[in-house]
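First up is the structure itself, then whatever we jot down about it.
Here is the naming used below: chain letters follow the sequence lines, and residue numbers restart at 1 for every chain. Computed from heavy atoms alone, side chains included, the values below leave out hydrogens, waters and symmetry copies.
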Amino acid sequence: MIEKSYSPKDIEEKWYRLWLEKGYFQAESKSSKPSYCIVIPPPNVTGSLHIGHALDATLQDILIRWKRMSGFNALWLPGTDHAGIATQNVVEKDLKKEGLDRHKLGRDEFIRRVWKWKGEYGGRIISQLKRLGASCDWSRERFTLDEGLSKAVREVFVRLYEEGLIYRGDYIINWCPRCHTALSDLEVEHEEIKGKLYHIKYPFANEKGYLTVATTRPETMLGDVAVAVNPDDERYKGIVGKVLRLPLLNREIPVIADEFVDPEFGTGAVKVTPAHDPNDFEMARRHNLPFIKIMTGDAKMSDDAGPYKGQDRFKCRENVLSDLQSLELLGDAKEHTINLGHCYRCKTVVEPYLSKQWFVKTKPLAQEAIKAVKDKRINIIPEGWENSYFDWMENIKDWCISRQIWWGHRIPVWYCQDMQSEECKNHGGIIVSIETPEKCPSCGSNKITQDEDVLDTWFSSALWPFSTLGWPAETDDLKTFYPTSVLVTGFDIIFFWVARMIMMGLKFMGDAPFRDVYIHALIRDSHGQKMSKSKGNVVDPLEIIDTYGADAFRFTLTAFAAQGRDIKFSVDRVEGYRHFINKIWNATRFILMNIKDAEEVKSVKEISCLSLADRWILNRLAGVIEEVNKALDEYRFNDAASVLYQFVWHEFCDWYLEMVKPTLARDDDNKGRSAAISTLLHILEISLRLLHPFMPFITEKLWHDIPSQRDKEADSICVQRYPKPEDSPTDRDAERKMNIIMDAIIGIRSIRGELNLPPSLELKALINTSDGTKDILNENVIYISKLAKVKDIEIGEDITKPQDAATSVRPSMQIFVPLTGLLDMDAEIKRLEKEILKIEETASQLRKKLSNREFVSKAPKEVVEENKAKYDDFIEKIHKIQENIEKLKQLRRKDG
RNA sequence: GGGCGGAUAGCUCAAUUGGGAGAGCGCAGCCCUUACAAGGCUGAGGUCACAGGUUCGAUCCCUGUUCCGCCUACCA
């Protein structure tokens, strides 16, 4: 016997501990079973579990538990990401509190501090995943800075370099002045803001007049080296080649012609600032113009900014504008929306900045990645995301991979300081090596220094599906689990991560890193807003688990995880699904209560005298098993959840349990009781297994309370076989018959409900029906009397309506409930008339359709016949109700 | 600028090949009927955003419009 109510906390702790002790989540490196593998999208080591992780992990856990139970050698490989910039920021903040900064500490000491921090706090998100019930193979947990993974990073870097796919050079990159590092294009978040388009007059150097340029960033004029116009622009035909005097600095700059300039925009004249704008950079290269850096890495003005040196970039803008104003060189300023880039880690406005960085030449890698998806070596689900994927891949730009921070994989490049040999000089003293070199391999000098930069964190993440399995070593894990089965992630990191994993996997493993990519929705708050700390609308998954239990939380996430749509989340919904957990608990409790100790529970297959209800629910279960497996196979998690919800609550609890209650209560029918008990346990046990991937804790707990499992302490539901449709006997005839019984019950209940007759009122029912149905009803009259709460039931083929009876016309029967002296004739007439109206509405639609010759001649024959049959049924029903109304009206006249 | 998605009951969302629109929550009425009041039964509630088109027939397919959300882009 189990406790009256369900308290998740104790159960969750107990069973999770046991799962770990028994090693149920550990996959085998070599196995005769088929492999199934998911690598977790590694959360940031600095992070704590947010609701997006919870959804992501829940879906993965469902898949893994489902496959593990279905006989696969299932590996869910967990781990965390070192998250270079984010983690460095966190530790730097801590240092600041102590009045320190990383430069005071020095590189080595700083790195030590970060590792220490990681040791103390880095495990948080892992323990939170455990609270959720994640069945990861923790023995294989990885961290992107692990020795093995670092080796993979070096191997990849060196090989790409040797193939000419990695290069170093001076280019305009996105620079975060706060994080003090370069960022890739993806790491910049664009936001539209209202800004101004300023018109500035640049006087000619050798004659009167001026040329007006339009710019949103007036301060960058300090770095201008030219003004460009379109060569076809008639307005400026004569002035190309003339010299302007740059205001404020009085530098002489030429007017050049370049196709890039759009004559329609602004004034048609563009100031050219090669060191601070990617387009200008390209233009300067085309025209051999100099590059003047007017800012430092802090986004303060540099020596080259003349009198503005040392000013902050925004302050400088104000000063430049007011200085131009006083020189009367400032024209109109128009309202203009500007798409401003911000650092995705610290939200600081990024600066296009000229600097020396390392890049991956991505085009060749992208070619293969496109092909892999095109020929279905990788399936993206839902398919809609393929378009974005192709679009991004086809327009891919080189990837800036060097970061000017300390926490990360240091670039495996050394520079020879001496360059004593010709060979050494030829390649600029650059040494690129997997192993850390002692001396320069070309000239033998031991004065070598390593590149100061580290790699983009996403560089190591891109290797995750194979680096975690042991690559570059040829491990058993790698052979067994690569390519992995599916990647489950949110759409926000398709480009950051998914696309790059595909490129790297194809390049270094010669095969896609995963067969399927399941892209799930983003979780928003109940108003559809993105959750963020600054908005204060974040929901803490741990709090939800504490309040409602992990199972309810997981089931809620699953039920809302429809493909291709964001999830609006609120805790109220979790509460709703906690009721479902409670329902399962209580249904189990009821079943266990009804098992007598001595009773021998038999398998349903051995029992010959199953009741109609037994056979019906067994049949339904077979259907549910099939639907759930199919839904999971197609990643329709919400469908799987709703099928289970519907079955357990409404079919099993509302119908079946109510139907077997009388049988269980009878002492004189041991066979019937025994069949019912067997059926109950069969349904319960299989349902628990079906539900287990969705709600692992409660199913485990209840499964052990089932008599047949009580002695098997070593066992766990998580390693039992996942149900297959053939586990439950099918019986179409039972389904047909049960529909008739249910229809009778619903008919009587409707009368009771609509006429507000209290359940305490004893009713009698008369059912008029045809021959075949009569027998079915008679054989199962007990269900009707119990569930519809009627004492006497008379069933016959020519029963006529008693005088003062309420009626319900069903497809295969007419039900009369005599209400002598109780029936409010007017109310009943009204009720029946309303029903006619309702039927008539749909009937008239059908009539219209059927009287349309085109429909009858052109529509498929089955459809026409189907509609005709439906129509006839409606008309018959209306007639019968009409008759009943007439009889009531006659009666009323007599009484009156 | 380009692309994608959404608009269905008061709320949140389903509806897989175009053929009488569903669920959960909420609401109303009746009920503590020996698992569960975190429950049961019954019911009300929809011009499927708008306008055209294809079709015998459109919530579904096509075109356009409006509103909302997202992704993406070097118009200074």
Side-chain angles (χ1 to χ4, degrees), chain A residues 2 4-6 172 185 190 197 213-217 220 228 260-262 264-273 277-282 336 338-339 352 384-385 387-388 391-392 395 491-492 494-495 522 524 526 528-530 559-560 562 564-570 572-573 575-594 634 636 638-639 642 645-646 653-654 657-658 661 665 746 749-760 786-789 841-843 845-846 849 852-860 862-864 866-867 870-871 874:
Chain A
I2 61 176
K4 181 132 199 248
S5 66
Y6 157 66
I172 298 270
D185 295 339
H190 293 278
L197 185 64
V213 301
T215 181
T216 55
R217 300 201 57 196
T220 62
F260 167 78
V261 182
D262 175 6
E264 304 295 318
F265 189 87
T267 61
V270 186
K271 57 193 272 316
V272 181
T273 320
D277 181 283
N279 296 315
D280 295 2
F281 177 81
E282 293 301 327
H336 186 67
I338 300 166
N339 216 357
W385 290 107
N387 281 337
S388 313
D391 186 58
W392 188 76
N395 299 300
F491 61 81
D492 49 334
I494 292 180
F495 307 139
L522 216 65
R524 299 171 179 283
S526 56
Q529 295 287 307
K530 207 167 173 175
F560 281 97
R565 199 191 263 252
D566 285 351
I567 301 171
K568 288 185 195 163
F569 186 87
S570 94
D572 297 349
R573 299 188 186 130
E575 193 169 342
Y577 283 103
R578 185 182 54 167
H579 296 174
F580 180 48
I581 305 289
N582 188 246
K583 194 77 183 173
I584 295 167
W585 179 272
N586 277 296
T588 308
R589 191 162 164 263
F590 171 78
I591 294 166
L592 298 181
M593 274 170 58
N594 275 286
E634 294 166 5
R636 289 180 290 113
N638 59 322
D639 287 344
S642 88
Y645 184 96
Q646 190 66 27
C653 292
D654 289 348
L657 286 188
E658 294 305 321
K661 275 180 183 174
I746 290 167
R749 281 174 173 174
S750 291
I751 290 171
R752 203 189 270 281
E754 285 176 47
L755 295 178
N756 281 343
L757 305 171
S760 51
K786 187 73 186 169
L787 270 67
K789 297 199 175 25
E841 207 177 311
T842 40
Q845 280 171 23
L846 285 175
K849 198 182 250 189
N852 183 343
R853 285 192 166 180
E854 301 258 35
F855 172 72
V856 179
S857 61
K858 288 184 181 169
E862 314 88 74
V863 175
V864 176
E866 197 185 316
N867 279 280
K870 276 182 201 163
Y871 179 70
F874 282 135

For this session: For the pair Asn586(A) (side chain) and Asn582(A) (backbone), establish whether a donor and an acceptor sit closer than 3.5 Å, ignoring hydrogens and angles.
Result: yes

Exercise. With sugar-phosphate meaning primed atoms plus P, OP1 and OP2, does Lys789(A) contact a base, only sugar-phosphate, or nothing at under 4.0 Å between heavy atoms?
Worked result: base

Seminar exercise, completed: Residue set satisfying ring pair (Phe, Tyr, Trp, His ring centres under 6.0 Å) with His336(A), at least two apart, ordered chain then number -> Phe265(A)

Problem set entry | Set of side chain to side chain contact (heavy atoms under 4.5 Å, CB included) partners for Glu575(A), sequence neighbours left out | Tyr548(A), Arg578(A), His579(A)

Problem set entry | Protein-nucleotide distance (Asn594(A), atom CG; C36(B), atom C1'), rounded to Å | 14 Å

Problem set entry | Interatomic distance, Leu755(A) CG vs C31(B) C1' [rounded to whole Å] | 16 Å

Seminar exercise, completed: Testing A38(B), G24(B), C41(B) for proximity to the side chain of Arg578(A), the answer is A38(B)

For this session: Report, as a single string ordered 5' to 3', how protein heavy atoms within less than 4.0 Å touch nucleotides 70-76 of chain B: B base, S sugar-phosphate only, - not at all.
Result: S-SBBBB

Problem set entry | Residues that Asn852(A) engages under side-chain hydrogen bond (donor to acceptor under 3.5 Å, both in side chains), provided they are two or more places apart | none

Problem set entry | Gap in Å between the two C1' atoms, one belonging to A58(B) and one to G53(B), rounded | 11 Å

Exercise. Does the side chain of Lys583(A) get closer than 4.0 angstrom to OP1 or OP2 of G40(B) through an N or O atom?
Worked result: yes

For this session: Name all residues meeting the salt bridge (charged side-chain N to carboxylate O under 4.0 Å, His left out) criterion together with Arg217(A); count only those two or more places apart in sequence or in a different chain, and write none if there are none.
Result: Glu219(A), Glu351(A)

Seminar exercise, completed: Residue set satisfying salt bridge (charged side-chain N to carboxylate O under 4.0 Å, His left out) with Glu634(A), at least two apart, ordered chain then number -> Lys630(A), Arg636(A)

For this session: Compare the minimum distances between each of U42(B), C41(B), A38(B) and the side chain of Ser750(A), then state the nucleotide with the smallest one.
Result: U42(B)

For this session: Identify the heavy atoms of Ala214(A) and Gly266(A) that sit nearest to each other, and give their distance.
Result: CB-CA, 4.0 Å

Seminar exercise, completed: Stems of at least 3 consecutive Watson-Crick or G-U wobble pairs (donor-acceptor distances under 3.5 Å) involving RNA chain B, listed by first number, are B:1-7 with B:66-72, B:10-13 with B:22-25, B:27-31 with B:39-43, B:49-53 with B:61-65

For this session: May I have the distance from Gln845(A) (atom CD) to C48(B) (atom P), rounded to whole angstrom?
Result: 12 Å

Problem set entry | Interatomic distance at C1', U16(B) relative to C67(B), whole Å | 29 Å

Exercise. If you check every side-chain atom of Asn387(A), which of C11(B), A38(B), C4(B) has the closest atom?
Worked result: C4(B)

For this session: Would you please name every residue forming a side chain to side chain contact (heavy atoms under 4.5 Å, CB included) with Val213(A), sequence neighbours left out?
Result: Ile200(A), Tyr202(A), Val227(A), Ala269(A), Lys271(A)

Exercise. Using atom P of each nucleotide, how far apart are C13(B) and A51(B) to the nearest Å?
Worked result: 25 Å

Exercise. Taking the same atom, C1', in U8(B) and in C48(B), what whole-Å distance lies between them?
Worked result: 4 Å

Problem set entry | By ring pair (Phe, Tyr, Trp, His ring centres under 6.0 Å) - contacts of Phe491(A) (at least two apart) | Trp385(A)

Exercise. Mind checking the C1' distance from C27(B) to A15(B)? Whole angstroms is fine.
Worked result: 24 Å

Exercise. Just checking Ile591(A): base, sugar-phosphate only, or nothing, at a heavy-atom cut-off of under 4.0 Å?
Worked result: nothing

Exercise. Taking atom P in both G52(B) and C60(B), what distance in whole Å separates the two?
Worked result: 14 Å

Exercise. Considering only the C1' atoms, how many Å lie between C25(B) and A44(B), rounded to the nearest integer?
Worked result: 16 Å

For this session: Determine the interatomic distance between P on A21(B) and the same-named atom on G64(B); round to the nearest Å.
Result: 29 Å

For this session: State which of U16(B), G43(B), A38(B) makes the closest approach to the side chain of Glu754(A).
Result: G43(B)

For this session: State which residues pass ring pair (Phe, Tyr, Trp, His ring centres under 6.0 Å) with Phe855(A); sequence neighbours excluded, sorted by chain then number.
Result: none

Seminar exercise, completed: In whole angstroms, the gap separating P of G39(B) from CG of Asn582(A) amounts to 7 Å

Problem set entry | Donor-acceptor under 3.5 Å (Arg752(A) side chain, Lys789(A) main chain) | yes

Exercise. To the nearest angstrom, how far is Leu657(A) atom CG from C41(B) atom P?
Worked result: 12 Å

Problem set entry | Whichever of Phe590(A) and Arg636(A) has its nearest RNA chain B nucleotide further upstream toward 5' | Arg636(A)

For this session: To the nearest Å, give me how far apart CG (Asn638(A)) and P (G22(B)) are.
Result: 19 Å

For this session: Record whether the side chain of Glu658(A) comes under 3.5 Å of the base of A35(B) through a donor-acceptor pair of N or O atoms.
Result: yes

N/O-N/O pairs, protein side and nucleotides 55-58 of chain B side, under 3.5 Å:
unit_1, atom_1, unit_2, atom_2, d
C56(B), OP1, Lys858(A), NZ, 2.8
C56(B), O2', Asn852(A), ND2, 3.0

Exercise. Can you check the Tyr577(A) OH to C25(B) C1' distance for me, whole Å?
Worked result: 9 Å

Problem set entry | Residues that Phe580(A) engages under ring pair (Phe, Tyr, Trp, His ring centres under 6.0 Å), provided they are two or more places apart | Phe555(A), Tyr645(A)

Exercise. Is the shortest heavy-atom distance from the side chain of Asn594(A) to the side chain of Lys661(A) under 4.5 Å?
Worked result: no

For this session: Scan Tyr645(A) against the nucleic acid and name what it touches under 4.0 Å (heavy atoms): base, sugar-phosphate only, or nothing.
Result: sugar-phosphate

Problem set entry | Residue pair Phe495(A) / Ser388(A), side-chain heavy-atom distance below 4.5 Å | yes

Problem set entry | Separation of atom CD1 in Ile584(A) from atom C1' in G39(B), rounded to whole Å | 15 Å

